[in-house]
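One structure is given here, and the rest of the page talks about it.
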Amino acid sequence: MEVWITHFMEKFGYWGIAFLIFLENVFPPIPSEIILTFGGFMTTKSDLSFLGVTITSTIGSVLGAIVLYGIGAWIGERNLYRFVNRYGKILRVKTQDLDKTIGWFEKYGYWTIFFCRFVPLLRSLISIPAGLTRMNMPLFIIFTTIGTLIWNIVLIYLGQAVGGNWHTIVHYMDIYSRIIYIILAILIIFVIWKWLKRSKKNK
C-alpha cells in the first residue's frame with residue numbers, strides 16, 4: 001500500500017494528497033502517517049510547498065469527516081433508539097444507557113471531536129456519533145479543522161525535517177498507533193466487563 005500511496009502522490013500532487021486524505025478519513029485503514037510525512041518530504045524535492053500540502057490535506061480530511069457526519073445524521077437518533085428497543089435485551093443495553101451516552105457526548109462532544117483527531121481510527125469514526133446527535137455543524141467543522149490542522153502540520157513538518165528519512169517518522173507513528181490500539185482494546189474489554197457485571201447484578 002505504501003508504494004501505491006507514494007506513487008499516487010507523486011503523480012497527482014496536491015489533488016492526490018487531498019483525495020488520499022479524504023479516503024483515509026472515510027476508510028481508516030489507509031494510514032495518514034504515510035501520506036502526511038511523505039507529503040512533507042515531497043516539499044523538499046518537488047514544487048509542492050509546505051502551505052499547499054497543509055491546506056490540501058486539511059481540506060481532504062475535513063471533507064471526509066463531513067461525509068461520516070452525514071452518515072451518522074442519516075442513521076439518526078430515532079433509528080438508534082429503535083434498534084436499542086428491539087435488540088436491547090439481547091445486547092443488554094437499555095435506552096437509559098443510550099440517554100446517558102448521548103447526554104455525555106452533547107456535553108463534551110466538541111472537545112472529544114478535537115482530541116480524537118490525534119487518535120488513530122477514532123479520528124475518523126468520531127464523526128459518526130457527532131452526526132447521530134446532530135452536533136452543531138459549524139462548530140463540528142471548526143473543532144475538526146483545528147484538530148486536523150495541528151495533526152497535519154506536525155506530521156508534514158516532521159516529514160520535511162527528516163527528508164529522505166521520512167520512513168523513520170512512519171515507523172515511530174506506527175508504534176504510537178499500536179500503543180493506542182492496545183489502550184483502546186483494554187478500555188473496550190473493561191467497559192464490556194463492567195457492563196456484564198452490572199447486568200448480572202441487576203438480574
Side-chain angles (χ1 to χ4, degrees), residues 18-33 36 57-154 176-177 179-199 201-202:
F19 178 72
L20 287 174
I21 288 292
F22 171 81
L23 284 183
E24 180 267 335
N25 274 264
V26 179
F27 304 103
I30 298 177
S32 65
E33 293 86 352
L36 296 172
S57 60
T58 301
I59 290 174
S61 184
V62 173
L63 288 177
I66 290 173
V67 169
L68 292 181
Y69 177 99
I71 292 174
W74 176 72
I75 295 172
E77 278 188 41
R78 183 178 299 179
N79 289 327
L80 188 60
Y81 274 96
R82 286 177 181 172
F83 179 84
V84 171
N85 285 328
R86 180 173 296 181
Y87 302 105
K89 291 183 178 179
I90 299 174
L91 301 173
R92 296 183 181 180
V93 178
K94 299 178 181 179
T95 54
Q96 293 91 330
D97 298 326
L98 198 55
D99 290 337
K100 291 178 181 179
T101 302
I102 291 176
W104 183 91
F105 193 82
E106 288 177 344
K107 186 176 181 179
Y108 302 105
Y110 297 114
W111 289 110
T112 303
I113 290 292
F114 173 76
F115 287 111
C116 278
R117 299 309 297 181
F118 311 114
V119 181
L121 189 62
L122 290 185
R123 64 192 309 271
S124 299
L125 298 181
I126 194 62
S127 299
I128 295 178
L132 275 170
T133 57
R134 296 298 177 97
M135 176 183 285
N136 181 284
M137 188 67 165
L139 287 178
F140 167 77
I141 293 175
I142 289 172
F143 277 83
T144 297
T145 301
I146 295 173
T148 298
L149 195 59
I150 294 172
W151 174 264
N152 290 356
I153 287 175
V154 169
Y176 166 71
S177 297
I179 293 173
I180 293 296
Y181 293 150
I182 291 172
I183 293 173
L184 289 176
I186 292 173
L187 287 175
I188 291 171
I189 292 171
F190 176 75
V191 169
I192 292 174
W193 175 75
K194 291 285 288 185
W195 182 18
L196 293 174
K197 185 178 179 182
R198 187 187 64 181
S199 299
K201 184 178 180 181
N202 290 336

Task: Test item: Ile66 and Met137 side chains (from C-beta on) under 4.5 Å apart, heavy atoms - done: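 They are in side-chain contact.
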Between [X] and [Y], what is the shortest heavy-atom contact and its length?
| X | Y | value |
| --- | --- | --- |
| Ala65 | Phe140 | O-CZ, 3.8 Å |
| Ile21 | Ser32 | CD1-CB, 4.2 Å |
| Ala130 | Ile113 | CB-CD1, 3.9 Å |
| Arg117 | Gly147 | CB-C, 3.8 Å |

Task: Partner set under side-chain contact (heavy atoms from CB on, under 4.5 Å) for Phe22, not counting sequence neighbours - done: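 Checked Phe22 against side-chain contact (heavy atoms from CB on, under 4.5 Å); matches are Val26, Leu63, Val67.
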Open item on the list: Tell me whether Phe19 at atom CZ has more than 12 heavy atoms from other residues, nucleotides or ligands lying less than 6.0 Å away.
Closed with: no
Open item on the list: Determine whether a donor-acceptor pair (N or O, by modelled atom type, separation under 3.5 Å) exists between the side chain of Tyr69 and the backbone of Ile141.
Closed with: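 Answer holds: no.
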Task: Which residues share a salt bridge (Lys or Arg N to Asp or Glu O under 4.0 Å) with Arg123, sequence neighbours left out - done: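 With sequence neighbours excluded, Arg123 shows a salt bridge (Lys or Arg N to Asp or Glu O under 4.0 Å) to Glu24, given in chain and number order.
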TODO: Could you check whether the rings of Phe118 and Trp151 sit parallel, tilted or perpendicular, using 30° and 60° as the cut-offs?
DONE: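 It falls in the tilted class, 30° to 60°.
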Open item on the list: Before you tell me yes or no, could you show the steps for Ile142 and Tyr110 under side chain to side chain contact (heavy atoms under 4.5 Å, CB included), namely the whole-Å CA-CA distance, both residues' side-chain angles and the distance that decides it to 0.1 Å?
Closed with: CA-CA 9 Å; Ile142 289 172; Tyr110 297 114; over 6 Å; no
How many angstroms lie between [atom1] in [X] and [atom2] in [Y], if you round to the nearest 0.5 Å?
| X | Y | atom1 | atom2 | result |
| --- | --- | --- | --- | --- |
| Phe143 | Thr148 | CZ | OG1 | 12.5 Å |
| Thr144 | Leu139 | OG1 | CG | 10.0 Å |
| Leu125 | Asn25 | CG | CG | 10.0 Å |

